[in-house]
Amino acid sequence: MKNKLMQTVTGQKSIRLRMFWYLGFSLIIALVVTILAANVTNRLEHGYQLFYIPLFAFTFAFFISFYLFTRLTVNYLLIISDGLIRIAEGNLNYRVPVLQEDELGTVARNINEMAKQLDRKIQKEREIEQSKMELITGISHDLRTPLTSIIGYLDLLQNKSYHSQAEQDRFIQNTHNKAVQLKKLIDDLFEYTRLTSGNPKLSMQTINMKELLEQLLFEFKPIAQEHELDLHQELPHEHVEACIDIEKFARAMDNLLMNALKFSVKPGQIAVSLQSSGSRLIITLQNKGRPISEEQERHLFDRFYMADESRSGQTVQAGSGLGLSIAKNIIELHGGSIALTHVSGVFTFSIELPVTIK
């Protein structure tokens, strides 16, 4: 308490109060010097002729005293000015030293915060630019691969480079599969772009989440059985309401189910559960597959990231690398979150959603 009082009285936290003290001390020193000078001139035989000496002494003493008192403050202003010039020249890593606890110290801290925010903004812009380049690269690569295959098969068909009707049918079927793959990739790209550009609109409806999941799993069950996977569901008996965009949420769940289908050990099982915890809904989707590395786990939700294709079943068509990224964007648009835990090849995707979204 005493320290704070002393800091306030002495002007350590207020440059205005400190300047007032500097002015007062300078006046006192100037008056003392003036009195001494007057006493000296009065003792001289013709001292009355030197009346200007005390006035000169007052002026000189005041300015010298005020200069010495304010020298540190002025030097600090020059340091701040130099710091601003360095930051303006692009050195955003430079930080103005905070040497005082007054208004100038506050200015220095604000300049440092401004430089930090500018640096973050520029880094973010660079990341966005890099992200755009990666997006273009990913699109070019993933569009070129099936398109090259389609052109190759069409050339074989056009040149009649087949030896039997069965081989011709196989070429046609492969061409169709690649065309379907290309369409799915374009659809995924369109959906991803729509979700990440601007502020996509959600058509919110209050629905019974239990009934929606039952319907989605019922539609997915034949596909799972075709790939030797059992679909196990643990849904509550009571009515569980949620406010969601049904179309987009169904897309997210479909992407998660298809990911589980692709990377599950076959024969195997995909388990889906729903539970309510206070103001949150928790949906979990669990399957057993081949283990992945920690680095693969960290990047699993990144766009165009695809884990080792050897992990997937050969009967499952290759994906675009956008499915999990799209699912994550959709869940986050609903004010929720999605996370993955992976232990010894057991993958558990957990979705948390608010019961209601305003």
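Keep in mind that the numbers below use all heavy atoms, side chains included, and drop hydrogens, waters and symmetry copies.
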Derivation of the side-chain contact (heavy atoms from CB on, under 4.5 Å) call for I331 and F249: CA-CA 7 Å; I331 298 303; F249 181 79; 4.1 Å; yes
Begin from the C-alpha positions of Q173 and H176 and carry the test side-chain contact (heavy atoms from CB on, under 4.5 Å) through to its verdict. CA-CA 5 Å; Q173 183 61 46; H176 177 265; 4.1 Å; yes
Could you walk me through whether K178 and L147 pass side-chain contact (heavy atoms from CB on, under 4.5 Å), step by step? CA-CA 7 Å; K178 293 298 180 180; L147 190 59; over 6 Å; no
Take E113 and Q117 through the test side-chain hydrogen bond (donor to acceptor under 3.5 Å, both in side chains) and record every step on the way to the result. CA-CA 6 Å; E113 183 63 26; Q117 294 295 334; 2.8 Å; yes
So E241 and T206, side-chain hydrogen bond (donor to acceptor under 3.5 Å, both in side chains) or not? Walk me through it. CA-CA 7 Å; E241 283 192 349; T206 301; 5.6 Å; no
Between E234 and L274, is the side-chain contact (heavy atoms from CB on, under 4.5 Å) condition met? List the steps. CA-CA 7 Å; E234 294 182 10; L274 167 66; over 6 Å; no
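The closest side-chain donor-acceptor pair between Q100 and D102 falls under 3.5 angstrom. Defined by atom type and a distance below 3.5 Å, a donor-acceptor pair is missing between the side-chain atoms of T284 and S350. Defined by atom type and a distance below 3.5 Å, a donor-acceptor pair is present between the side-chain atoms of N287 and S264.
Atoms CG and OG, on L285 and S273 in that order, are 8.5 Å from each other to the nearest 0.5 Å. Note: L104 CG to L72 CG = 11.5 Å, rounded to the nearest 0.5 Å. To the nearest 0.5 angstrom, I28 atom CD1 is 10.0 Å from L23 atom CG. Considering CG of D245 and CG of L333, their distance stands at 9.0 Å, rounded to 0.5 Å.
At least one donor-acceptor pair closer than 3.5 Å links the side chain of N329 to the backbone N or O of S325. Without hydrogens or angle criteria, Y76 side chain to L99 main chain gives a donor-acceptor distance under 3.5 Å. When atom types are taken as modelled, the side chain of H232 and the backbone of I270 share no donor-acceptor pair closer than 3.5 angstrom. With hydrogens and angles disregarded, no donor-acceptor distance shorter than 3.5 Å links the side chain of N255 to the backbone of L324.
Here K210 does not pair with E238 in a salt bridge; the nearest charged N to carboxylate O distance is not below 4.0 Å. Taking a cutoff of 4.0 Å between a charged side-chain nitrogen and a carboxylate oxygen, E228 and K266 do not qualify as a salt bridge. Between E332 and K328, at least one side-chain N (NZ, or NE/NH1/NH2) sits under 4.0 Å from a carboxylate O, which counts as a salt bridge.
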Side-chain donor-acceptor contacts of residues 55-64 below 3.5 Å, not counting sequence neighbours, with atom names and distances?
unit_1 : atom_1 : unit_2 : atom_2 : d
T59    : OG1    : L55    : O      : 3.1

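Two residues are said to be in side-chain contact when any heavy atoms from C-beta on lie closer than 4.5 Å; L353 and M209 meet this criterion. With contacts defined as side-chain heavy-atom distances shorter than 4.5 Å, the pair L213/Q233 does not qualify.
The 12-atom threshold is not exceeded at NE2 of H163, counting heavy atoms of other residues, nucleotides or ligands nearer than 6.0 Å. For CD of Q158, the number of neighbouring non-hydrogen atoms (other residues, nucleotides, ligands) closer than 6.0 Å is 12 at most.
Tracing side-chain contacts under 4.5 Å through hydrophobic residues (I, L, V, M, F, W, Y), one reaches F66 starting from F25; they form part of the same cluster.
Taking the ring pair (Phe, Tyr, Trp, His ring centres under 6.0 Å) definition, one finds that F171 meets it with Y153, sequence neighbours left out.
Listed by first then second residue, pairs satisfying salt bridge (Lys or Arg N to Asp or Glu O under 4.0 Å) with a partner in residues 148-175 read E167-R170, not counting sequence neighbours.
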